[in-house]
Amino acid sequence: MTVRVRIAPSPTGNLHIGTARTALFNWLYAKHNHGEFILRIEDTDQERSQDQYTQNILEGLKWLGIDYDSGPFFQTQRLEQYRAAVHLLLDQGLAYYCYCSEAELEQMREEQKAKKQAPRYDNRHRHLTKQQRTEFANAGRKPVIRFVIEEPRELTWLDLVRGDVTWNTRDLGGDIVIARVDDQGQVSLPLYNFAVVIDDIAMEITHVIRGEDHIANTAKQILIYEALGAEIPKFSHLPLILNAQGAKISKRDGATSVFEFQQMGYVPEAFNNYMVLLGWSDPNGREIFSPSEVAEVFEFERVNKSGARFDWDKLNWINSQYLHNMDPEILCDRLIPFWQAAGFNPNFERNWLIDLVKLIAPSLTVLTDAVDMARYLFIDNLEYTEEAIAILKAESVKPILIALAQALKDTPTLTPDSASSLIQSIAKSLNLKKGAIMKPLRCALSGDIHGPDLISSLLLLAQRGVAVTRIETALEIN
RNA sequence: GCCCCUAUCGUCUAGAGGCCUAGGACACAUCCCUUUCACGGAUGCGACGGGGAUUCGAAUUCCCCUAGGGGUACCA
């Protein structure tokens, strides 16, 4: 039997980190079993669904490199299938029209709450007579379709992550609404729990892999599978990604959409890597790996049962590892958009850019770090930090800078070696330590007392033809 | 309130009754490397939530407690 899995996001927001991780685990399981991975957009909530979010989800998955074998399918285009299934249940008496108004349901729940009972639908319209239904309809009430939930009944299923999970149908909150009815009295948009099952049956999904927040839905869905006489898939409920406080991660916790991580300068390789680590561990203890490498050994037996807190430090470390080891050509291409966004003009020679990338790569944690780090190499009018000004102002550094400027003018082709010896000889002639030369030079060239390797910086600036100018400009600081 | 789930260093985790004086990674600290900041290398710090039970022996099995999380819609 071919493994068929799916990711079913609803387009009510940008691609969420939780959705992305669920997608990744589905992808891993599909790849491990040479199965198929399907994308389905669950857009039945017309109030909240928006096309822009669908686009964002599609782009986000693409950015992450999570490719699917078929889809995207849209639930709003599958209305006929849902309608047919609803009628099937209606005809068998497994579903019925419920005419309760929202106010009525609200009041019922309030009363239950007051009596310290669990809020639930009391199935009051399950056995309406034809006459009662006509009366409600004539009174202008709009019905919904409810699915009959037999209770009590103990339901146990094997979850590939958690083992046996047991649920009593009496804790499901009464007969569930599975579809709405439109103004013409036609069965219209289905609700989540119903649409999911119809689609998973139609798409022959063998394994439902989703977040732990769906456990309660599983019982409801199994009942629908049974009512439809369909084969029940295997379920795997992944632990949730928690925030620093240990609660389900939400918009208040900073970044929650993949898009935001992209903007912050995280690379998809690192992001995927980190998401896999949140809840799964490699049997060989590796921590840096690609999705393909993980797919080879991925099993649900090694997925944790408890939620994992999102840790920025670890993500940052992983991202830095990828950046440090990335091919300079590739890294350069990824950096250029960030430099452009910062207003720099990276249209210098490719070789110059590659040298720059090699220079700063070991210091990068996120791509955006490269903006501040390379600013002094790109811009024309250098800005100086207070510490740099303090050093450049000192009378004692003037002769050093003058000597440096002269020496640079006398050295038409600067190489790493000639630059080093140039500094050495100035130190010797002025009877100073090398550090006493390096420090003012750094300040003059970069405007800061800290920064990337000085010799490399000097070379890069000299290639742009601005090294001498910078030193002369620094000389004017008082 | 009710239902379900979970519980090892600050964080992510390894651990399937003796291999555990509990291993690794991040973070943190110190040292080395280094003109600076980083990178890299080394060392250190640091945990089995509590109580019972089973057993010759429990981080690992069972029960209770506690704590945390999730769910409880005409959202998905």
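Letters go in sequence order (proteins before strands), and every chain restarts at 1. Since this is a predicted model, take the numbers as computed values, not measurements.
- Without hydrogens or angle criteria, A:Asp43 side chain to A:Thr76 main chain gives a donor-acceptor distance under 3.5 Å.
- Within residues 300-312 of chain A, the residues approached by RNA chain B to less than 4.0 Å at the level of any non-hydrogen atom are A:Arg302, A:Asn304, A:Lys305, A:Ser306, A:Ala308, A:Arg309, A:Asp311, in residue-number order.
- Of the nucleotides present, none pairs with B:U54 by Watson-Crick or G-U wobble criteria with both distances under 3.5 Å.
- Pair check for B:C2 finds B:G71; Watson-Crick or G-U wobble, both atom distances under 3.5 Å.
- Taking a pair to require two hydrogen-bonding distances under 3.5 Å in either a Watson-Crick or a G-U wobble arrangement, B:G10 pairs with B:C26.
- Within the nucleic acid shown, A:Thr166 comes within 4.0 Å of sugar-phosphate atoms alone, with no base atom in reach, counting heavy atoms only.
- A:Cys100 comes within contact range of at least one nucleobase, with a heavy-atom separation under 4.0 Å.
- Within 4.0 Å (heavy atoms only), A:Leu454 reaches at least one base atom of the nucleic acid.
- Counting non-hydrogen atoms under 4.0 angstrom, A:Pro9 reaches nothing in the nucleic acid.
- Rounded to a whole Å, the NZ atom of A:Lys248 is 16 Å from the C1' atom of B:U6.
- Rounding to whole angstrom units, CZ of residue A:Phe194 and C1' of B:C75 are separated by 17 Å.
- Rounded to whole Å, atom C1' of B:C4 lies 13 Å from atom CG of A:Asp213.
- Distance CG/A:Asp448 to CD1/A:Ile391: 9.5 Å, rounded to 0.5 Å.
- Nucleotide B:C48 forms a pair with no other nucleotide shown, judged by Watson-Crick or G-U wobble geometry with both contacts under 3.5 Å.
- Cation-pi contact between A:Arg146 and A:Tyr121: present, with separation from the ring centre below 6.0 Å and deviation from the ring axis of at most 45°.
- Atom CG in A:Leu155 sits about 13 Å away from atom P in B:C5, given to the nearest Å.
- Side-chain proximity of A:Lys434 to the nucleotides B:A76, B:U35, B:C3 is greatest for B:U35.
- Using Watson-Crick or G-U wobble geometry with both donor-acceptor distances under 3.5 Å, B:C31 finds its partner in B:G41.
- Looking at heavy-atom distances under 4.0 Å, A:Glu104 makes no contact with the nucleic acid at all.
- A:His324 and A:Ser363 share no donor-acceptor pair across their side chains, judged by distance under 3.5 Å alone.
- Applying the 4.0 Å criterion to OP1 and OP2 of B:U72, one finds that A:Gln117 has every side-chain N and O outside that range.
- Rounded to an integer number of Å, the gap from CE of A:Met108 to P of B:G1 is 21 Å.
- Within the nucleic acid shown, A:Arg120 has no heavy atom closer than 4.0 Å to any nucleic acid atom.
- No engagement by A:His237 is indicated, since no non-hydrogen atom pair under 4.0 Å with the nucleic acid exists.
- Summarising the geometry, the separation between CD1 on A:Ile249 and C1' on B:C12 is reported as 14 Å, rounded to the nearest angstrom.
- In this entry the distance linking CD of A:Glu110 with P of B:A73 reads 12 Å, nearest Å.
- Using a 4.0 Å heavy-atom cutoff across all strands shown, A:Ala118 reaches at least one base atom of the nucleic acid.
- A salt bridge links A:Arg334 with A:Glu269: the closest approach of a Lys/Arg side-chain nitrogen to an acidic carboxylate oxygen falls below 4.0 angstrom.
- Residues from residues 169-177 of chain A lying near RNA chain B, meaning a heavy-atom separation below 4.0 Å, are A:Asp171, A:Val177 in numerical order.
- The aromatic rings of A:Trp157 and A:Phe235 sit perpendicular, their planes meeting at an angle over 60°, well past the 30° parallel limit.
- Screening A:Arg120, A:Arg126, A:Lys220 for a salt bridge (charged side-chain N to carboxylate O under 4.0 Å, His left out) with A:Glu151, the sole residue that qualifies is A:Arg120.
- Residue contacts shown for A:Gly211 are absent, as no nucleic acid heavy atom lies under 4.0 Å away.
- Sorted by residue number, the members of residues 354-370 of chain A with any non-hydrogen atom under 4.0 Å from RNA chain B read A:Pro362, A:Ser363.
- Sequence order on RNA chain B of the closest nucleotides to A:Glu42 and A:Val165 puts A:Val165 first from the 5' end.
- Comparing atom distances between the A:Lys314 side chain and each of B:A76, B:G69, B:C12 picks out B:C12 as nearest.
- Rounded to an integer number of Å, the gap from OH of A:Tyr121 to P of B:C2 is 25 Å.
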